[in-house]
Amino acid sequence: MCSTLELPELIETEAQLDACLSTPTKPLIELMRRLTGDLVVLGIGGKMGVTLGIAAVRAIEVAGISKQVFGVSRFSDIETRTQLEDAGVQTIRCDLLDRQEVAALPSVRNVIYMVGRKFGTQGQEALTWATNVAIPDHVGYHFQDSRIVVFSTGCVYPLVSASAGGCSEEVAPDPLGEYAQSCLGRERMFSYWSEIHGTPICLLRLNYAVDLRYGLLHDIGVRVYRSQPVDLTVSHFNVIWQADANGQALRCLEHCDNPPKILNVTGPETVSVRFVAETFAQLFGTEPRFTGDSDGSRMYLSNAAKAAALFGYPSVSLLKLLKWQAAWIQSGGRSLDKPTHYEVVDGRF
Ligand SMILES: NC(=O)c1ccc[n+]([C@@H]2O[C@H](COP(=O)([O-])OP(=O)(O)OC[C@H]3O[C@@H](n4cnc5c(N)ncnc54)[C@H](OP(=O)(O)O)[C@@H]3O)[C@@H](O)[C@H]2O)c1
């Protein structure tokens with residue numbers, strides 16, 4: 001079993017990885033003791049939701065209190081539903097595009113909203129807008145008496161240079177392309193219902209979670225391992241260990257506000273792609289190859305100083321993540337085969 005005080009040297013199995021991602025931290029356990037009401041996670045069936053839901057259940061168990069955790073999704077992957085039920089999450093199958101199905105959901109005091117659609121937007125723009133804007137309309141209306149933490153994205157910001165220090169929450173959104181525009185639409189729908197009903201909300205602008213089976217470090221690491229060239233068109237990025245991102249999201253239930261609070265969630269570093277590829281090469285005992293070039297002026301970079309001031313620095317450092325990721329790739333650890341496409345700078349996903 002993994003605990004934040006005792007992080008393992010390496011993560012060798014999926015069971016160990018899932019345990020690390022879903023072991024509650026002390027602050028999360030304490031939060032559960034203070035938090036009034038039950039919790040619902042909407043869009044729990046995705047890459048981040050499962051471990052977030054299980055961490056919440058475990059925190060409640062350790063806190064020794066009674067609180068229900070509901071998990072809502074279509075459960076396109078049926079095994080996910082079983083995994084959540086086995087862990088103590090009460091699952092509800094629901095297509096949130098259907099407003100009647102949303103209207104039938106239990107009214108729960110605390111909501112974590114994780115629904116989103118990104119890849120495949122090109123050619124299916126309408127579905128992306130429906131998912132990222134119409135669902136927030138249904139949810140914002142239905143859960144008007146709740147507090148809602150909304151997963152958003154750093155892609156709502158303009159592309160900036162590596163020297164700018166990342167966009168802070170004060171930078172005005174300027175989303176490029178239909179995916180990012182629809183994500184701003186998601187924020188705007190929640191803000192609209194928050195204004196109408198006074199619902200306290202926190203909008204989390206996340207940049208790249210890492211869970212070893214997917215993520216930006218995984219994508220770069222695999223290329224280095226296979227001696228494929230690493231693209232330097234985007235030269236810098238931000239990442240955060242998925243458990244830290246999920247932990248901060250749950251703790252944001254205490255920071256929901258009206259008008260909505262905005263918070264960037266990511267790691268503290270502006271990470272260099274070249275540095276990451278060279279570190280992987282060292283760990284693999286290979287030579288990195290590169291392609292592409294950039295003047296370093298067009299990247300999605302966020303400044304997470306406010307989140308660090310609220311919650312402290314992430315529990316897993318970049319170097320630890322690189323070591324874990326390298327060992328995971330070398331030992332043939334499973335990949336979700338869901339590339340981040342971090343190199344995209346024209347807003348087309
Ligand atoms: N992962 C990252 O690095 C990252 C970075 C920036 C922002 N974010 C945002 O953070 C959130 C969570 O990330 P993630 O990586 O876990 O996303 P994800 O893997 O895309 O998961 C979102 C889940 O929402 C569910 N969903 C979609 N449409 C639905 C519908 N009509 N009704 C019910 N459920 C629906 C889907 O599960 P079912 O198929 O089971 O319904 C889907 O797997 C997303 O909003 C994402 O945009 C993530």
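Computed from a predicted structure; not experimentally measured. Remember, it's 1-based here, ligands and their atoms both numbered in the order they're listed. Numbers here simply count residues along the sequence, with the first being 1. What you see below is based on every heavy atom in this structure, not just the backbone, and it leaves out hydrogens, waters and symmetry mates.
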Each residue besides Tyr300 in its hydrophobic cluster should be listed here, by chain and number; the cluster joins Ile, Leu, Val, Met, Phe, Trp and Tyr at side-chain heavy-atom distances under 4.5 Å.
Leu159, Leu176
Taking the hydrophobic residues Ile, Leu, Val, Met, Phe, Trp and Tyr, and joining any pair whose side-chain heavy atoms are under 4.5 Å apart, which ones share a cluster with Val62?
Ile29
Test salt bridge (Lys or Arg N to Asp or Glu O under 4.0 Å) applied to Arg226 - qualifying residues, sequence neighbours left out
none
Does this structure show an ion pair linking Arg213 with Asp18, if we count only N-O contacts that are shorter than 4.0 Å?
yes
Does Tyr157 have Arg205 sitting over its ring (NZ/CZ under 6.0 Å from centre, angle to axis within 45°)?
yes
Tell me whether the rings of Phe237 and Tyr342 are parallel (<30°), tilted (30 to 60°) or perpendicular (>60°).
tilted
Amino acids in close contact with ligand 1, where any non-hydrogen atom sits under 4.0 angstrom away:
Gly43, Gly45, Gly46, Lys47, Met48, Ser73, Arg74, Phe75, Ser76, Cys94, Asp95, Leu96, Leu97, Met114, Val115, Gly116, Ile135, Phe151, Ser152, Thr153, Arg186, Leu206, Tyr208, Ala209, Tyr214
